[in-house]
Amino acid sequence: MIIFKKPGALYKVLEEKRVDQKIIGFAPTMGALHAGHLSLVKEAKQENDLVVTSIFVNPTQFNDPEDFKKYPVTIEKDILMFEKEGSHVLFLPSVQDIYPNGIRDLKHYELGFLETILEGKFRPGHFQGVCQVMHRLLEIILPDNLYLGQKDYQQCMVIKKLVELTGLDHKIKVNICPTLREGDGLAMSSRNTRLDPGDRIKATTISAALRYIKENVTQGNTKGITDEAAAMLLQKGFKTDYVEIANADTLDTVEDWDGKEKIVALAAAFLNNIRLIDNMVINP
Ligand code: AMP
């Protein structure tokens, strides 16, 4: 695996690969890797000649400065994990490399409705930050295939929209990979490492509540079942931002379900200042 720190050097090497007609797959991450991240590499390896990964903890997408400060960093272990999984190229830029003109007055992206709901509503500015870093990374790497995890359901939709807004959709195909879970159902996440042992056990309640919705939701009003799921979280001491059932393609809230519309249940909740999110598509 070759490690690049400078965008220019990476761009040049990838340009040569493109001239050689190599198909390039890209899996961006913020590091503190787990098997969920590696599953993106696995998928990319099957469909591309060259797999590029990146690790960059993007300051502009953290609406909470404490969360940014405490974001886990395990860079040496991460390098070994990516190498072992077969990533060919790892991009490790600095903040200065990604934002050469600083992090103020960055471009604004017209995300519309998507930015006003769920994660967008509870983390103001978060998706602008996601777009700022992803736009820059995509321009440097110009992959044929981009690999994202369903774990961040709304983020996948935002990045798809970004790819369209920037005209990169002619070049880049966005691939969404399934959420990898721990044995007890907890969605794998870098933030899970910050949970103390007691909270780690309680944390499974998020996936349990979503599974409860998936297994029990029926045609008609959905408020009763989302309230029940929220009560499960409250009982374990979570501070919940949202538990919602939404249209799986638009993320419009579904208050009355006709039993056929494709829907997804999504939740975000804090356990002692650690914010966890998860989702389950009800009728894939
Ligand atoms: P992050 O490092 O959290 O920014 O995540 C980098 C990429 O890995 C994103 O596309 C995530 O959606 C994806 N990802 C994170 N957790 C999981 C998981 N448990 N299963 C599959 N993909 C994941």
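Order of appearance sets the numbers: ligands from 1, and atoms from 1 within every ligand. Computed from heavy atoms alone, side chains included, the values below leave out hydrogens, waters and symmetry copies. Residue numbers count from 1 along this sequence. Predicted, not measured: the structure shown is a model, and the values here were computed from it.
Not a single heavy atom of Q150 sits closer than 4.0 Å to an atom of ligand 1. Contact between P28 and ligand 1 is present, with at least one heavy atom of the residue lying under 4.0 Å from the ligand.
Considering both main-chain and side-chain atoms, H37 comes within under 3.5 Å of ligand 1 through a nitrogen or oxygen pair. At under 3.5 Å, a nitrogen or oxygen of L180, whether backbone or side chain, sits near a nitrogen or oxygen of ligand 1. Between L148 and ligand 1, no N or O atom pair is found at a separation short of 3.5 Å.
Within the model, atoms NZ of K22 and CG of L14 stand 13.0 Å from one another, a figure rounded to the nearest 0.5 Å.
For atom 9 (C) of ligand 1, the closest non-hydrogen atom on the protein side is G149 N, 4.0 Å.
Contact of the T60 side chain with the Y99 side chain is registered, since non-hydrogen atoms from C-beta on lie closer than 4.5 Å. Between L210 and K214, the closest side-chain pair of non-hydrogen atoms is not below 4.5 Å. Counting heavy atoms from C-beta on, the side chains of H37 and M81 never come closer than 4.5 Å.
Interface of P178 with ligand 1, defined as ligand atoms under 4.0 Å from a residue heavy atom, comprises 20 (N), 21 (C). Contact atoms of ligand 1 toward D152: 11 (C), 12 (O) (distance under 4.0 Å to a heavy atom of the residue). Atoms of ligand 1 found under 4.0 Å from any heavy atom of L40, numbered from 1 in the order shown, are 7 (C), 8 (O), 13 (C). Atoms of ligand 1 lying under 4.0 Å from any heavy atom of M188, numbered from 1 in the order shown and given with element: 16 (N), 17 (C), 18 (C), 19 (N).
Y242 and E119 form a side-chain donor-acceptor contact under 3.5 Å, judged by distance and modelled atom types alone. Y71 and N58 are not linked by any side-chain donor-acceptor pair at a separation below 3.5 angstrom, with hydrogens and angles left out of the test.
Contacts between H34 and ligand 1 below 4.0 angstrom, taking non-hydrogen atoms only, involve the side chain exclusively. When non-hydrogen atoms are compared, ligand 1 lies under 4.0 Å from the backbone of M30 as well as from its side chain.
A donor-acceptor pair under 3.5 Å is absent between the side-chain atoms of T29 and the main chain of F56, judged by distance alone.
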Inset, instruction - Show your reasoning for whether side chain to side chain contact (heavy atoms under 4.5 Å, CB included) applies to L195 and I201. - result: CA-CA 9 Å; L195 295 165; I201 293 168; over 6 Å; no
